[in-house]
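Data block below; observations after.
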Amino acid sequence: MPLSLHNTLAGKKELFVPLVSEQVSMYNCGPTVYNYAHIGNLRAYVFADILRRVLEWNKYTVKQVINITDVGHMVGDGDDGEDKIEKSAEKEKKTAQEIATFYTDAFLEDISVLNIDKSKIIFCKATDHIPEQISLIQALEKKGFTYTTSDGVYFDTSKLPAYGKLGNIDLSGLEEGSRVEANPEKRNKTDFALWKFSPAGEKRQQDWPSPWGIGFPGWHIECSAMSMKYLGETFDIHTGGIDHIPVHHNNEIAQSESATGKPYVHYWLHCAFLNIKGARIAKSTGNTIYIRDLVAKGISPIAYRYWLLTAHYRTMLNFTDESVLGAQTALVKLINHFIEWRQVPIGNENADYVKKFENFINDDLDTAKALALTWELVKDKGVSPADKSATLLRFDTVFGLNLSAMPIPKAETENIPPEITLLAEEREKARINKDWKLADAIRAEISSRGYEVKDVENGFEVKSL
Ligand code: AMP
Ligand code: ZN
């Protein structure tokens, strides 16, 4: 079954067709690095990772970008109030840069322990892309989409009839005082800041000169500027949590499409929220959990990842210790089966199960059904243990539970004469030294004596011919 994805822009599942065949461009809204990412934030990146892996399963190469917001994201997500990074710097008595560097490193560490391969991702910081943001605002200014107030340069949403198309936002519902706060100088409630002036008489740590005055970029413009810099003016996929649909992502679309006159993104994907004990994650009430808290509770980050996979990404999840500990028990069982069944040489993937698995993941990343299928396979007496383990390894290219790192049990040992083993060891040394000629010569010698040497993960194996 070909891959289909739920596109927030269309409000339904759609067949996935990339702009360029075999290649996908994807941008994931990244963290604001003023604090540790909580486990709800991390759900957004595990979801993006699963999406990447499913795209790779479908033989696409993926260019993936995650931004690091290190300036301009205000407390409350609007245009007024304090900058989250500057506020945190004040509280922790550090510089804004120290705060951003510390929490960026913490974020990269968190995603690593969740088995997200950082080396495949382009990370870009807002403060490294100020010129790009300024020139995008200039392009908007030239086309008449901006106006200036006493505190900044704003985007005039009334100039764009399609404003709010993502998620069919009810604009009258975006009341001032909630996410879009009251500002008497704004022409329309939904207008938003592109560039903010540094407040008079107040020294900000992070500000830059601009054609409009000293200040800093708005939160939305960084995502438009960086995504288009790395992925082009139109790209395939943009993701984030559902909280970003009404304001942040509609603003990104407005800025980008007004500046370029082209469609910005083809597929918008949003993951549902993670709540803790039935309530919204909120630092103010202490209802927050970080990766290190999980570890302190004896929950492995990979068990947390497994637990996330038990639900569809568009389903709201409710974190409780019991539910995640239950997932951990299941994961340990799965790993134990896998180790028991894993053999050298590896068995064959079971084609029926692989097909069914593909149908589930290609149906808008239905990891919940793919995991249920995994347990069907585990219990299936009609599939040999070696083939089960081979099939599980294939499934794990999507799940990312790191099964391939599990120990390989010693193969059933044949009585191999010691001189043959010695030769095989010599060959292994030659291979490690990249002396392929010698390695081949020793292999020929081994075969002439009636044995075969095979390279397997973590070493070699010798069998009689
Ligand atoms: P932020 O650092 O606030 O910009 O958020 C980073 C990412 O986490 C964004 O994609 C948000 O939409 C997402 N996010 C924030 N809170 C949650 C939550 N409780 N559950 C799932 N995703 C979330
Ligand atoms: Zn963003």
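Values below: all heavy atoms of this structure, side chains included; hydrogens, waters and symmetry mates excluded. Since the model is a prediction, treat every value here as computed from it, not as a measurement. Whatever order the structure lists them in is the order used to number ligands and atoms, beginning at 1.
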Notebook entry, point to check: Are the side chains of Asn28 and Phe47 in touch, meaning some heavy atoms are under 4.5 Å apart?
Noted result: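 Side-chain contact under 4.5 Å: no.
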Check: Does Cys271 reach the side chain of Ile242, with side-chain heavy atoms less than 4.5 Å apart?
Finding: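 Sidechains of Ile242 and Cys271: no contact.
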Sub-3.5 Å N/O-N/O distance, [X] and ligand 1:
X: Gly40; answer: yes
X: Leu274; answer: yes
X: His73; answer: no
X: Thr32; answer: yes
X: Asn41; answer: yes
X: Gly240; answer: no

Margin query: So that I can tick it off, tell me whether Lys229 and Glu222 are bridged by a salt bridge, with the cut-off set at under 4.0 angstrom between side-chain N and carboxylate O.
Written below: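 So Glu222 does not pair with Lys229 through a salt bridge.
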Check: Can Lys369 and Asp363 be counted as an ion pair, charged N to O under 4.0 angstrom?
Finding: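 The answer is no: the pair does not qualify as a salt bridge.
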Next item on the list: Please write down residue, atom name and distance for the protein heavy atom closest to atom 9 (C) of ligand 1.
Entry: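 Looking at atom 9 (C) of ligand 1, the protein heavy atom closest to it is His244 NE2, 3.4 Å.
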Next item on the list: Do me a favour and list the nearest non-hydrogen protein atom to atom 10 (O) of ligand 1 with residue, atom name and distance?
Entry: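 Checked against all protein heavy atoms, atom 10 (O) of ligand 1 sits closest to Gly241 N, 3.1 Å.
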Looking at [Y], is [X] sitting on its ring face, NZ or CZ under 6.0 Å from the six-membered ring centre and within 45 degrees of the normal?
X: Arg187; Y: Tyr154; result: no
X: Arg394; Y: Trp57; result: yes
X: Lys63; Y: Tyr230; result: no
X: Lys143; Y: Phe145; result: no

Next item on the list: Return yes if some donor-acceptor pair links the side-chain N/O of Gln205 with the main-chain N/O of Ala96 below 3.5 Å, else return no.
Entry: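 Pair found, side chain donor or acceptor close to backbone of Ala96.
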Check: Is the Phe192 ring parallel, tilted or perpendicular to the His220 ring (thresholds 30°, 60°)?
Finding: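 It falls in the perpendicular class, over 60°.
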Under 4.0 Å from a heavy atom of [X]: give me the atoms of ligand 1 that qualify, with their elements.
X: Pro31; answer: 2 (O)
X: Tyr45; answer: 6 (C), 7 (C)
X: Asp243; answer: 11 (C), 12 (O)
X: Ile281; answer: 19 (N)
X: Ala272; answer: 21 (C)

Next item on the list: Record the part of Ala37 in heavy-atom contact with ligand 1 below 4.0 Å; permitted values are side chain, backbone, both and neither.
Entry: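 Near ligand 1, Ala37 shows nothing, with every heavy atom at 4.0 Å or more.
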Margin query: Using the rule salt bridge (charged side-chain N to carboxylate O under 4.0 Å, His left out), only one of Lys189, Lys196, Lys186 pairs with Asp79; which is it?
Written below: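 So the option named by the test is Lys186.
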Margin query: When you compare the side chains of Thr285 and Asn287, does any donor N or O come within less than 3.5 Å of an acceptor on the partner?
Written below: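 Judged by distance alone, the side chains do not pair up.
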Notebook entry, point to check: So, Asp83 and Tyr34: side-chain donor and acceptor under 3.5 Å apart, yes or no?
Noted result: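 No donor-acceptor contact under 3.5 Å links the two side chains.
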Check: So is His38 close enough to ligand 1, meaning a heavy atom under 4.0 angstrom away?
Finding: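 Judged by the 4.0 Å heavy-atom criterion, His38 does count as contacting ligand 1.
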Next item on the list: Identify which protein N/O/S atoms are less than 2.8 Å from the Zn ion (ligand 2).
Entry: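 Correct list: Cys29 SG, Cys223 SG, His248 NE2.
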